[in-house]
Amino acid sequence: MKEIFALVDCNNFYASCERVFNPRLEGRAVVVLSNNDGCVVARSNEAKALGIGMGVPAFKVKGIIEKNDVEVFSSNYALYADMSHRVMRTLSTSTPAMEIYSIDEAFLNLAGCADNLTDYGRKIQATVKKWTGMPVSIGIAPTKTLAKIANRIAKGTPQADGVFYLKDLSDIDNLLDKIAVVDVWGVGHRNARKLKRAGIKTALTLKNVDIEWIRSKFGVTGVKTVYELRGICCYRLEENPPAKKSITVSRSFGKAVESIDELQEAIATYAVRAGEKLRRENLVANVLTVFVRTSYFDKQKRYFNSETIKLPSPTNYTPELISYAIRAVEQLYRKGCSFKKAGVLLSSLELQNKMQLTLFDEIDRRKTQRLMQAVDTIKAKLPEGNLRWAAEGLEQSWRTHFKRRSHRYTTRWDELLVVA
DNA sequence: TCTGGGGTCCTAGGACCC
DNA sequence: TCTGGGGTCCTAGGACCC
């Protein structure tokens, strides 16, 4: 049977997460900031109405925030990840097949689920709200790209009330005519500009474009997008996400870092985190890259650089990752630079149980594996930061800021919601 | 003063091989 | 002295997504 896609999208996800545990925020303008409390990454509808843009630096909207008493939060990833699990678990009860597309979105295959899919969508919407407190919008259509558009319509038209089924392909043209080409999934700002120059401004004109022309200018991705708009499915539901191909841990510093010791501490800390991610996915890495950079906005003394190391044997052993990462910093460090951001990238990943053993390995892999298992288990039981590798340093004054983080209500006993 | 983080895929071009 | 053509693999950079 042909797939019918529902795209379920949490409304203003991070802002809504804050609201679920803080009813005082209901009806008020709420924004959530990125790491280091830098940019606005989520806004309640009220905050959007005040003209606070997505991705704008917080300092640029400080005036609006103060004048309108906007509630401001730092990102609370522990809370958002847990809320995401709850929503996804709830959704899984309403469909035989789904794909978790991002922290706040999932594609469901609704083929054969009900006679009236709009009603069925409403039922899903109500269940998620009741079980998790999260408001969602649902777009239903024969392809993912059209489901994305249906979701937009579900959100943007009051009559739809959060659920919209793009059912009759004959109606589609009227709707596509009103969608700007930049709002089509897969068309970014750059390609939108390029399309505009060729006279293609709406989703409808894009749908009707000549296929060979689009292939020559935009490659196969462009062709797929056009077919999807025509109702021809090019992107199937991915139920089992393929294994990760790379893992990155990177952060902006809370303050500029100038000494090599601090830069190495920070990189060691990121390497530790990267190792944990690796082990959680049962992966090992063959290649480690470290990058450092000064502020993007410091035009005078700009310095971006990276160092890539081919590891002698695939590993997820933290001390090994730390030592190579620290060595890379020695290559990258420049005296007199104010480093503002750095990161560790692990790539050329493979499954741990399939890994190629090196003949002359100096490390007893079985032993280190048990050691890392023990460390991970103990760390999970201790309060954050209580168990650390020496290389991570003690003071960590470079740490990223989260000055307005709410409680991690759902994942920490000491931060439970208190009902007074 | 203050501008996020983590991914994927595609393509073009170079290196290398026969 | 003459100096082809086709294939694969890898990498860097670009574009996109949330």
Side-chain angles (χ1 to χ4, degrees), chain A residues 7-14 31-42 52-63 65-66 72-77 80-81 84 99-107 144-145 148 151 181-195 214-225 234-235 238 241-256 270 273-274 277-278 281 283 286-287 289 291 293-299 304 306 308 310 338 340-349 400-404:
Chain A
L7 174 64
V8 183
D9 185 321
C10 299
N11 301 341
N12 317 325
F13 181 59
Y14 293 178
V31 302
V32 179
L33 304 179
S34 64
N35 279 2
N36 248 350
D37 299 336
C39 296
V40 173
V41 290
I52 299 175
M54 178 67 176
V56 295
F59 72 88
K60 283 194 180 167
V61 286
K62 206 173 163 205
I65 287 173
E66 281 170 2
V72 179
F73 293 90
S74 303
S75 288
N76 185 344
Y77 296 115
Y80 309 153
S84 174
E99 169 187 344
I100 297 173
Y101 179 66
S102 75
I103 193 163
D104 71 331
E105 281 171 78
F107 286 106
K144 284 183 170 179
T145 304
K148 276 270 183 187
N151 191 284
V181 84
V182 74
D183 293 327
V184 174
W185 191 45
V187 179
H189 274 97
R190 282 205 130 78
N191 284 340
R193 236 186 299 151
K194 206 166 139 190
L195 284 165
I214 204 95
R215 189 191 307 278
S216 71
K217 300 279 186 219
F218 298 89
V220 293
T221 11
V223 172
K224 283 184 180 174
T225 298
C234 298
Y235 298 107
E238 298 258 8
K244 275 204 173 43
K245 296 181 172 163
S246 69
I247 284 175
T248 310
V249 177
S250 73
R251 301 263 181 287
S252 300
F253 300 132
K255 61 152 211 195
Y270 300 168
R273 195 72 253 293
K277 286 186 175 183
L278 214 45
E281 311 251 347
L283 295 168
N286 283 288
V287 172
T289 302
F291 68 87
R293 55 153 64 167
T294 54
S295 169
Y296 206 84
F297 305 95
D298 180 1
K299 305 248 184 334
F304 294 10
S306 68
T308 296
K310 167 95 183 73
S338 290
K340 200 61 184 109
K341 182 176 176 172
V344 171
L345 164 68
L346 300 173
S347 54
S348 189
L349 307 183
T400 309
H401 295 147
F402 296 91
K403 287 187 179 150
R404 320 183 67 134

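Every chain is numbered from 1 and lettered A, B, ... according to where its sequence line falls, protein lines coming before strand lines.
- For A/Arg251, whose side chain is taken as the heavy atoms from C-beta onward, the closest listed nucleotide among B/dG6, B/dT3, B/dT11 is B/dG6.
- A close approach under 4.0 Å does occur between a side-chain nitrogen or oxygen of A/Lys277 and OP1 or OP2 of B/dG7.
- If you check every strand for non-hydrogen atoms under 4.0 Å, A/Val249 touches sugar and phosphate atoms only.
- Axis angle between the ends of the helix from B/dG5-C/dC18 to B/dC18-C/dG5, five pairs each and rounded to 10 degrees, works out to 10°.
- Nearest-nucleotide mapping onto DNA chain B: of A/Lys245 and A/Gly38, the residue sitting toward the 5' end is A/Gly38.
- Here the closest non-hydrogen pair linking A/Phe304 and A/Thr294 is CE1-O, 3.7 Å.
- Across B/dG5, B/dG6, B/dC9, the shortest atom-to-atom separation from the side chain of A/Thr248 is found for B/dG6.
- Looking at heavy-atom distances under 4.0 Å, A/Ser75 makes no contact with the nucleic acid at all.
- In the set C/dC16, B/dT3, B/dG5, B/dG5 carries the atom at the smallest distance from any side-chain atom of A/Ser252.
- With B/dT3, B/dG7, C/dC17 as the candidates, the nucleotide lying closest to the side chain of A/Tyr101 is C/dC17.
- The phosphate of B/dT8 has neither OP1 nor OP2 within less than 4.0 Å of any side-chain N or O from A/Lys244.
- Side chain of A/Lys62, nearest nucleotide from B/dT1, B/dT3, B/dG6: B/dT1.
- Nucleotides C/dG4 and B/dC16 are separated by 16 Å at their C1' atoms, to the nearest Å.
- Nearest nucleotide to the A/Asn191 side chain, out of B/dG4, B/dG6, C/dA15: C/dA15.
- Picking from C/dC18, B/dC10, B/dT3 the nucleotide with the shortest atom distance to the side chain of A/Phe297 gives B/dT3.
- OP1 and OP2 of B/dG4 both lie 4.0 Å or more from every side-chain N or O belonging to A/Asn36.
- Residues A/Phe291 and A/Ser306 share a closest heavy-atom pair of CB-CB, 3.7 Å.
- For the residue pair A/Glu238 and A/Lys144, the shortest heavy atom distance occurs at N-NZ, 4.3 Å.
- As a whole-Å value, the separation of A/Leu33 CG from B/dG4 P is 11 Å.
- Side-chain contact check for A/Asp9 and A/Tyr101: no donor-acceptor pair (N or O, by modelled atom type) lies under 3.5 Å.
- As judged by a 4.0 angstrom heavy-atom cut-off over every strand, A/Val32 is placed among residues making no nucleic acid contact.
- Listed pair A/Ser34 / B/dT3 fails the phosphate criterion, with no side-chain N or O lying under 4.0 Å from OP1 or OP2.
- Residue A/Thr400 has no polar side-chain atom (N or O) positioned under 4.0 Å from OP1 or OP2 of B/dG4.
- At least one side-chain nitrogen or oxygen of A/Lys148 sits closer than 4.0 Å to the OP1 or OP2 atom of C/dC18.
- Under the 4.0 Å criterion applied to side-chain N and carboxylate O atoms, A/Glu105 and A/Lys148 are assigned as salt-bridge partners.
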